[in-house]
Amino acid sequence: MSPRSHAAEYRQNHLEGKVMDADPHKLVSLLLAGACDRIRLAEACLEQGDQARKGKAIGEACAIVGHLDGSLDHEAGGEVAGNLSALYDYVVRRLTAANLHNDGQGLRESLSLLAEVDAAWNAIPAQQRQLQPNGGAA
């Protein structure tokens with residue numbers, strides 16, 4: 001196994017450990033961070049002209065955002081869940097267009113929007129982090 005393979009395996013095992021030990025609030029935080037990381041990677045790949053890796057990173061970011069959208073509990077979350085769903089939809093459309101047109105501004109805008117959601121999510125005080133019993137985030 002090459003050193004690069006060992007590093008990838010270590011990262012995968014480390015991430016799996018984080019996920020297994022995470023409460024629902026932390027899982028959402030990990031997903032938001034993962035989406036932001038993929039967008040940063042896509043931006044770096046765009047700058048380097050690596051179209052294949054850029055597309056893969058954007059696809060992964062879109063999948064993560066789609067998962068976040070799918071985890072929303074619209075009944076319990078009401079207007080907040082609706083607003084987040086609309087934002088997630090916008091981000092996926094923006095990322096898709098950024099991929100198609102090699103638009104770094106679209107990547108930066110998407111990253112900025114998700115980073116704001118991430119910051120707000122992580123600013124929720126610990127005693128208020130109780131999610132709905134079905135695991136849906138509001």
Side-chain angles (χ1 to χ4, degrees):
M1 204 178 245
S2 72
R4 188 175 191 155
S5 296
H6 286 295
E9 183 178 340
Y10 172 79
R11 281 191 304 274
Q12 182 64 31
N13 289 338
H14 182 70
L15 178 60
E16 287 174 7
K18 281 183 172 180
V19 169
M20 296 301 289
D21 293 336
D23 61 34
H25 187 275
K26 183 66 176 170
L27 287 174
V28 171
S29 182
L30 288 169
L31 287 169
L32 286 164
C36 289
D37 287 346
R38 293 333 184 276
I39 295 169
R40 285 185 198 97
L41 174 60
E43 191 171 12
C45 291
L46 177 62
E47 291 171 4
Q48 296 169 356
D50 189 341
Q51 296 296 313
R53 283 185 66 206
K54 177 205 67 167
K56 183 174 187 253
I58 290 174
E60 290 171 352
C62 287
I64 292 169
V65 173
H67 185 74
L68 286 164
D69 188 37
S71 73
L72 293 170
D73 183 338
H74 290 272
E75 188 174 314
E79 185 179 351
V80 172
N83 290 341
L84 278 171
S85 184
L87 177 73
Y88 292 152
D89 178 65
Y90 176 78
V91 167
V92 168
R93 286 185 288 114
R94 195 70 172 107
L95 287 171
T96 301
N99 190 26
L100 182 63
H101 301 292
N102 290 321
D103 177 15
Q105 179 57 34
L107 294 175
R108 288 185 293 279
E109 179 185 6
S110 298
L111 177 59
S112 176
L113 291 169
L114 290 178
E116 284 185 46
V117 173
D118 186 43
W121 184 255
N122 289 315
I124 296 172
Q127 63 271 24
Q128 295 179 350
R129 291 183 179 181
Q130 295 300 319
L131 299 181
Q132 300 305 313
N134 65 2

Can you measure from CG (Leu95) to OG (Ser110) and round to the nearest 0.5 angstrom? 3.5 Å
Pair listing, side chain to side chain donor-acceptor pair (under 3.5 Å) test, anchored in residues 55-69, at least two apart: Arg38-Glu60, Lys56-Glu60, Asp69-Ser85
Can you check whether Arg108's main-chain N or O pairs, donor with acceptor, with Ser112's side chain at less than 3.5 Å? no
Side chain to side chain contact (heavy atoms under 4.5 Å, CB included) filter on Asn102, not counting sequence neighbours, yields Leu46, Gln51, Lys54
Could you tell me which non-hydrogen atom of Leu72 sits nearest to which non-hydrogen atom of Ala81, and how far apart they are? CD1-O, 3.5 Å
Please list, chain by chain and in numerical order, all residues satisfying side chain to side chain contact (heavy atoms under 4.5 Å, CB included) with Cys36, sequence neighbours excluded. Arg40, Leu111, Leu114
With sequence neighbours excluded, what pairs up with Val117 under the side chain to side chain contact (heavy atoms under 4.5 Å, CB included) test? Leu32, Leu84, Leu87, Tyr88
When rounded to the nearest 0.5 angstrom, what is the spacing between OG in Ser71 and CG in Leu31? 7.5 Å
Residues pairing under salt bridge (Lys or Arg N to Asp or Glu O under 4.0 Å) where one sits in residues 115-127, two or more places apart or in two chains, turn out to be none
Atom CD of residue position Gln105 - does it have more than 12 heavy atoms of other residues, nucleotides or ligands inside 6.0 Å? yes
To the nearest 0.5 Å, tell me how far Thr96 OG1 sits from Leu100 CG. 9.0 Å
Look only at the side chain of His25 and the backbone of Gln128, and say whether a donor-acceptor pair between them is shorter than 3.5 Å. no
Summary of salt bridge (Lys or Arg N to Asp or Glu O under 4.0 Å) pairs that have at least one residue in residues 90-100, sequence neighbours excluded: Asp89-Arg93, Arg94-Asp103, Arg94-Glu109
Heavy-atom pair of closest approach, residues Ser29 and Asn122: OG-OD1, 3.0 Å
Test side chain to side chain contact (heavy atoms under 4.5 Å, CB included) applied to Leu41 - qualifying residues, sequence neighbours left out: Cys45, Arg53, Ala57
